[in-house]
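Counting from 1, the numbers follow the sequence of the chain as shown. Just so you know, ligand 1 is whichever comes first in the structure, and atom 1 is the first atom listed for that ligand.
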Amino acid sequence: MLVSAKEMIEKAHEGHYAVGAFNINNMEWTKAILMAAEECKSPVMLGVSEGAGKYMCGYKNVVAMVKEMHDFLGITVPVAVHLDHGSFEGAKACIEAGFTSVMFDGSHYDFEENVEKSKEILALAHSKGISVECEVGGIGGTEDGVTSNGELADPEECGKIAALGVDFLAAGIGNIHGKYPADWKGLNFDRLAEIQKSTAGKPLVLHGGSGIPSDQIAKAISLGVSKINVNTELQLVFADATRKYIEAGKDLEGKGYDPRKLLAPGTKAIQEKVVAMMKEFGSAGKAE
Ligand code: 13P
């Protein structure tokens with residue numbers, strides 16, 4: 001059964017570890033992540049961006065695929081299907097489609113509008129037992145080759161959004177989506193500590209979880225981060241393993257061009273990376 005992420009994230013917060021929210025793009029991604037979670041007995045969140053939702057032919061299709069795969073593979077650990085960086089309309093559509101968790105990202109609106117829209121999504125989602133993540137302060141990233149630094153969230157605004165009853169809160173602390181630039185300043189732990197204080201101990205979410213050094217991950221968890229989002233790292237290991245397979249000419253040997261063979265090394269690489277990250281985040285063994 002797919003579950004809301006509320007309980008797994010609260011347990012992580014109390015137990016000082018983090019649950020990974022790994023983005024899915026297709027069947028191979030989903031299978032690899034579910035198998036990794038089962039292998040190391042970890043709760044897991046499957047993140048779905050609006051773009052990936054369209055790519056997978058709609059939110060209902062995503063829910064149906066995850067449910068069937070979950071049962072077919074005999075998955076026993078808690079699994080949440082979560083909308084990543086949802087728009088107002090996207091969050092409503094996912095609530096209708098059977099997602100068990102949604103992120104409403106109103107960080108680009110004026111603060112008051114973010115509050116009003118967050119309230120509406122919270123009421124709707126909570127009436128159906130669906131967990132909700134909201135965001136304050138932008139997460140940086142690379143667009144058109146230019147990498148912007150992550151914006152630092154205002155602790156006071158974080159406190160106000162947290163008080164609306166969000167289940168977990170994404171707050172910018174210098175984190176960036178995609179690859180970190182060589183001159184990245186690192187996470188801002190002073191700001192993280194202030195945010196944890198102003199949100200009265202609400203579980204916090206670290207976006208941009210790919211490529212952050214382990215010591216910074218551990219420190220972020222110790223300061224209240226209970227959910228870590230990972231997308232880029234899985235894309236990189238998949239591409240790398242697939243390139244090696246093709247460059248070694250394996251697709252030309254026998255029936256190496258069969259998609260089930262061609263996509264196997266990349267899928268295995270995703271599974272191994274997710275297992276390693278679940279161990280690093282401390283969620284491995286927590287679903288036993
Ligand atoms: P990365 O690009 O660092 O993997 O971040 C993913 C993310 O935060 C999705 O919301």
So, Glu50 versus Ser87: side-chain donor-acceptor pair below 3.5 Å or not?
-> yes
When the ring centroid of Phe238 is compared with that of Trp29, is the distance short of 6.0 Å?
-> yes
Report yes if the distance between the aromatic ring centroids of Phe99 and Tyr59 is under 6.0 Å, otherwise no.
-> yes
Ligand 1 atoms nearer than 4.0 angstrom to some heavy atom of Asn231 are 1 (P), 4 (O), 6 (C)
Numbered atoms and elements of ligand 1 in range of His85, under 4.0 angstrom, heavy atoms | 10 (O)
Heteroatom proximity flag, Gly208 to ligand 1, N/O under 3.5 Å | yes
SB check Glu96 Lys128 (cutoff 4.0 Å) = yes
Looking at ligand 1, does Gly209 have a heavy atom less than 4.0 Å from it?
-> yes
Do any nitrogen or oxygen atoms of Asn23 lie less than 3.5 angstrom from nitrogen or oxygen atoms of ligand 1?
-> no
Identified side-chain contact (heavy atoms from CB on, under 4.5 Å) partner of Pro78 from the options Met8, Glu7, Met45, Lys11 | Met8
His85 ring center within less than 6.0 Å of His177 ring center | yes
For the pair Asp240 and Arg243, find out whether any cationic side-chain nitrogen is under 4.0 Å from an anionic carboxylate oxygen.
-> yes
If you scan protein heavy atoms around atom 7 (C) of ligand 1, the nearest is His177 CD2, 3.2 Å
A student checking ligand 1 against His207 at a 4.0 Å heavy-atom cut-off should list atoms 8 (O), 10 (O)
Under 3.5 Å: N/O of Asp84 near N/O of ligand 1 | yes
Residue Val230 vicinity, atoms of ligand 1 by number, heavy atom under 4.0 Å | 4 (O)
Among all protein heavy atoms, pick the one closest to atom 2 (O) of ligand 1 and tell me residue, atom and distance.
-> Thr232 OG1, 2.5 Å
